[in-house]
Amino acid sequence: MLKEPGDFAEWRSAARGLLVGGVAPDAVSWRDSEAGASLFGEEAVEASAGAVSLPRELLGIAERVICHRDAEVPARLYRIIWRAARDRQLLARTTDPDVDWLMKADKTIRRDVHKMHAFVRFRRLGEDDAGRESFAAWFEPDHRILRITAPFFQRRFYGMDWAIVTPDTRAIWQAENLSYGPGGTKSDVPDSDVVEDQWRTYYGAIFNPARVKIEAMRAEMPKKYWKNLPEAQDIAPLLAGAEARVERMRETAVSLANPLTDKWRTRVQDELLLDDDVKTLGDVARAVDHCTRCPIHCNATQAVAGEGPQSARIMFVGEQPGDQEDLQGRPFVGPAGQVLNEALEEAGIDRTRLFLTNAVKHFKFEPRGKRRLHQNPTTGEIDICRWWLDKERAFVQPELIVTLGGSALRGVTGKSASIASMRGRVHDLAGGGKLLATIHPSFLLRLPDRDRAAEERKAFVADLIRVRELAA
Ligand code: URA
């Protein structure tokens with residue numbers, strides 16, 4: 001039996017000794033140290049480095065799966081590494097019962113981790129003489145995942161002291177040192193505090209009544225977590241007042257500023273987005289709305305994913321949603337979209353056959369009274385958001401990408417180049433497909449001189465005609 005179930009270092013050291021000692025899985029009892037070879041007996045010699053080599057991926061999976069509560073896990077994992085040491089392709093044999101079990105168990109743990117990242121809520125305990133604040137949180141994960149999740153909280157809340165108490169163990173981050181102690185109970189953590197009120201205000205502010213999808217909410221925030229989530233008690237009243245809020249939103253069309261301090265509001269749930277959560281183009285549209293990889297998401301109403309058939313041969317990439325796109329959740333439906341529609345029509349291109357998207361998926365703006373003034377995304381924000389654009393490109397696989405403006409060009413190529421230097425020629429894209437760069441339609445809206453505007457518009461339509469010809 002492992003001294004601390006779920007402790008990967010302990011299991012690995014024991015398993016490594018057994019493996020190097022050539023002890024077959026059937027000869028080991030991981031549950032009962034009386035029977036079979038003892039884990040901590042003579043056979044458990046420390047392995048010399050490199051004596052047995054295993055696929056690195058397998059060790060990563062084992063580190064997660066050892067957290068599973070199923071008492072058979074240490075033994076099953078040992079059997080798998082025993083087999084993998086003799087069969088390097090084992091993990092690729094997805095119909096193998098051991099591999100199938102391993103992948104399912106890994107998925108279960110990753111889901112549990114994902115929920116813990118999202119649903120831990122800290123309560124403030126106080127601050128020391130130097131002004132360093134301390135916090136505590138109570139959390140009941142399904143599995144023993146505290147050791148693999150603690151580094152995430154360490155990175156995120158590096159500048160304060162905190163403890164996370166679970167029934168099995170507790171993690172303590174104090175004076176920049178991470179340690180573990182015994183598990184506890186809910187009563188070890190104070191009931192409510194000012195941070196809790198901030199969470200509730202935050203949730204109230206980001207709650208978007210126009211987009212309420214109760215089933216999706218339940219799937220993402222399972223009821224089991226509600227009792228420990230301060231904001232959960234507000235869900236019913238918020239839903240009840242939803243209609244009135246939609247009306248108010250329509251009237252003012254201004255997003256509320258987020259009341260949380262920067263420390264809390266940025267990157268609240270970025271790690272919700274696991275790579276393998278996004279398996280289809282539809283997943284992109286659903287998942288991008290949870291994206292908190294950069295701060296733009298804080299004030300936007302929603303993320304705006306690309307739109308159009310997956311089979312589209314041409315993809316148009318703009319900069320970011322504008323005010324109307326942000327409210328309607330669709331790209332190019334505001335004034336710039338109007339200019340684009342007219343130019344497309346003039347060039348003989350059917351918009352419904354295009355895939356239209358943006359380099360950045362949230363609306364970045366500055367509130368000015370009741371208006372929201374567009375702000376350009378930084379290159380850093382464009383580069384962060386490329387993760388989504390790349391996913392869309394991978395699913396659509398367009399033969400031609402048309403970039404509208406400099407931000408789109410950066411989003412697609414990863415390089416900052418002037419439109420003038422790229423326009424008028426067709427470029428090969430790394431990874432396949434062609435690129436044609438042109439101006440952003442909003443540029444035409446900003447030109448004060450009518451003659452110049454007419455001239456630029458003509459050139460824009462000429463670029464689109466080239467697009468049509470290329471597609472033909
Ligand atoms: N401008 C863009 O770049 N994209 C939109 O979707 C709308 C305006």
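Each ligand, and each atom within it, is numbered from 1 in the order the structure gives.
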Would you give me the side-chain donor-acceptor pairs under 3.5 Å for residues 426-437, sequence neighbours excluded?
| unit_1 | atom_1 | unit_2 | atom_2 | d |
| --- | --- | --- | --- | --- |
| His427 | NE2 | Met422 | O | 2.8 |
| Asp428 | OD1 | Lys434 | NZ | 2.5 |

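Each of the atoms 6 (O) of ligand 1 lies under 4.0 Å from some heavy atom of Pro331.
A cation-pi contact, defined as under 6.0 Å to the ring centre and within 45° of the axis, links Arg147 to Tyr180.
Between Trp162 and Phe122, the two ring planes are tilted [angle within 30° to 60°]. Ring-plane geometry between Phe152 and His117 is classed as parallel, the angle between the planes falling under 30 degrees on a 0 to 90 degree scale with a further cut at 60.
Annotation: Gly318 places no N or O atom under 3.5 Å from an N or O atom of ligand 1; distance criterion only.
At least one heavy atom of His440 sits less than 4.0 Å from an atom of ligand 1.
With Lys361, Glu307, Gln320, Gln324 as candidates, the residue nearest to atom 8 (C) of ligand 1 on a non-hydrogen basis is Gln320.
Residue contacts with ligand 1, taken as heavy atom pairs separated by less than 4.0 Å, involve Glu319 via backbone and side-chain atoms alike.
Protein heavy atom in closest approach to atom 4 (N) of ligand 1: Asn358 OD1, 2.7 Å.
Partner Phe363 forms a side-chain contact (heavy atoms from CB on, under 4.5 Å) with one of Gln324, Gln302, Glu325, Arg372 and no other, that one being Arg372.
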